[in-house]
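Just the heavy atoms: all of them, side chains too, but no hydrogens, waters or symmetry mates, feed the values below.
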Amino acid sequence: MAFSVKGYSQDRGVFPLSELLNRTCEEFGDRPVMRTWAGRDTYTEITYNELRDRVNALASWLIESGIRKGDRVGVLGENGPDWSTVYLAVHVAGAVVVPVDRLMPSSGIRHIVSDSGARLLFVSPTYRDVLE
């Protein structure tokens with residue numbers, strides 16, 4: 001698969017999502033990958049390298065905690081650096097992400113979580129009450 005951006009063209013090949021961050025870090029390492037609102041006209045930047053380090057640390061924790069290849073791990077929360085970190089870390093650990101749509105009604109969220117077979121669920125504080 002070839003990709004082209006503003007005159008840049010290179011055959012990128014096909015590779016697993018779990019390799020995406022390492023490949024992009026080689027090219028864009030200290031450039032910002034995300035900006036999060038910090039309030040009052042300011043934001044915090046996260047670089048590709050910082051995101052990779054967070055993802056690898058969480059993936060290691062998942063593996064050390066007993067998550068194995070093919071296990072399901074749920075993610076329920078707002079879009080942002082935490083959600084992205086968890087999503088990528090689950091892939092790096094070899095597990096399967098069960099993304100839970102935060103905009104669903106509470107009953108739908110509870111059904112997906114209980115029916116998914118997830119061994120672990122990451123939930124932002126905003127949605128903890130929905131599951132209790």
Side-chain angles (χ1 to χ4, degrees):
M1 157 186 349
F3 107 64
S4 177
V5 176
K6 292 184 184 177
Y8 177 86
S9 180
Q10 179 180 358
D11 182 355
R12 306 296 279 179
V14 176
F15 55 90
L17 181 59
S18 60
E19 293 180 24
L20 176 65
L21 202 49
N22 288 332
R23 287 177 175 243
T24 55
C25 281
E26 291 172 7
E27 223 170 307
F28 305 111
D30 290 325
R31 292 185 188 169
V33 65
M34 284 182 229
R35 292 186 175 126
T36 58
W37 181 252
R40 186 144 181 130
D41 300 328
T42 60
Y43 56 88
T44 303
E45 290 185 339
I46 297 171
T47 67
Y48 284 89
N49 287 335
E50 290 168 334
L51 180 61
R52 180 202 54 216
D53 293 346
R54 292 176 185 190
V55 165
N56 289 338
L58 183 55
S60 293
W61 179 85
L62 287 166
I63 292 166
E64 290 167 9
S65 298
I67 296 297
R68 300 288 175 246
K69 183 176 181 176
D71 284 348
R72 293 179 192 97
V73 177
V75 184
L76 172 60
E78 303 81 12
N79 291 336
D82 292 339
W83 195 96
S84 302
T85 299
V86 171
Y87 191 92
L88 290 169
V90 170
H91 279 284
V92 169
V96 176
V97 177
V98 178
V100 182
D101 185 350
R102 64 187 176 87
L103 300 177
M104 289 183 72
S106 299
S107 60
I109 290 173
R110 287 190 299 272
H111 173 73
I112 289 174
V113 169
S114 66
D115 196 49
S116 70
R119 291 197 53 214
L120 180 66
L121 176 65
F122 286 89
V123 182
S124 75
T126 305
Y127 299 98
R128 260 192 356 215
D129 290 346
V130 170
L131 299 174
E132 289 180 350

Which heavy atom in [X] sits nearest to a heavy atom in [Y], and how many Å separate them?
X	Y	answer
Gly39	Thr42	O-OG1, 2.5 Å
Gly74	Ala118	N-CB, 3.8 Å
Ala89	Ala59	O-CB, 3.6 Å
Ile46	Leu51	CG2-N, 3.9 Å
Ser114	His111	OG-O, 3.2 Å

Approximate separation, where rounding is to 0.5 Å, of [X] [atom1] and [Y] [atom2]:
X	Y	atom1	atom2	answer
His91	Leu20	NE2	CG	10.5 Å
Asn79	Thr36	CG	OG1	13.0 Å
Arg54	Asp82	CZ	CG	7.5 Å
Leu21	Glu26	CG	CD	10.5 Å
Arg72	Ile67	CZ	CD1	12.0 Å

Would [X] end up clustered with [Y] when hydrophobic side chains under 4.5 Å apart are linked, directly or stepwise?
X	Y	result
Val55	Met34	yes
Val96	Val100	no
Ile63	Leu121	no

Problem set entry | Listed once per pair and sorted, the ring pair (Phe, Tyr, Trp, His ring centres under 6.0 Å) pairs that draw on residues 34-60, sequence neighbours left out | Phe28-Tyr48
Problem set entry | Derivation of the side-chain contact (heavy atoms from CB on, under 4.5 Å) call for Phe122 and Leu58 | CA-CA 12 Å; Phe122 286 89; Leu58 183 55; 4.1 Å; yes
Exercise. Does the side chain of Cys25 come within less than 4.5 Å of Asn49's, by heavy atoms?
Worked result: yes
Seminar exercise, completed: Here the salt bridge (charged side-chain N to carboxylate O under 4.0 Å, His left out) pairs for residues 91-120, sequence neighbours left out, are Asp71-Arg119
Problem set entry | Mutual orientation of the aromatic rings belonging to Tyr87 and Trp83 [parallel < 30°, tilted 30-60°, perpendicular > 60°] | parallel
For this session: Scan Val130, Ile112, Leu76 and name whichever one has a side-chain contact (heavy atoms from CB on, under 4.5 Å) with Met104.
Result: Ile112
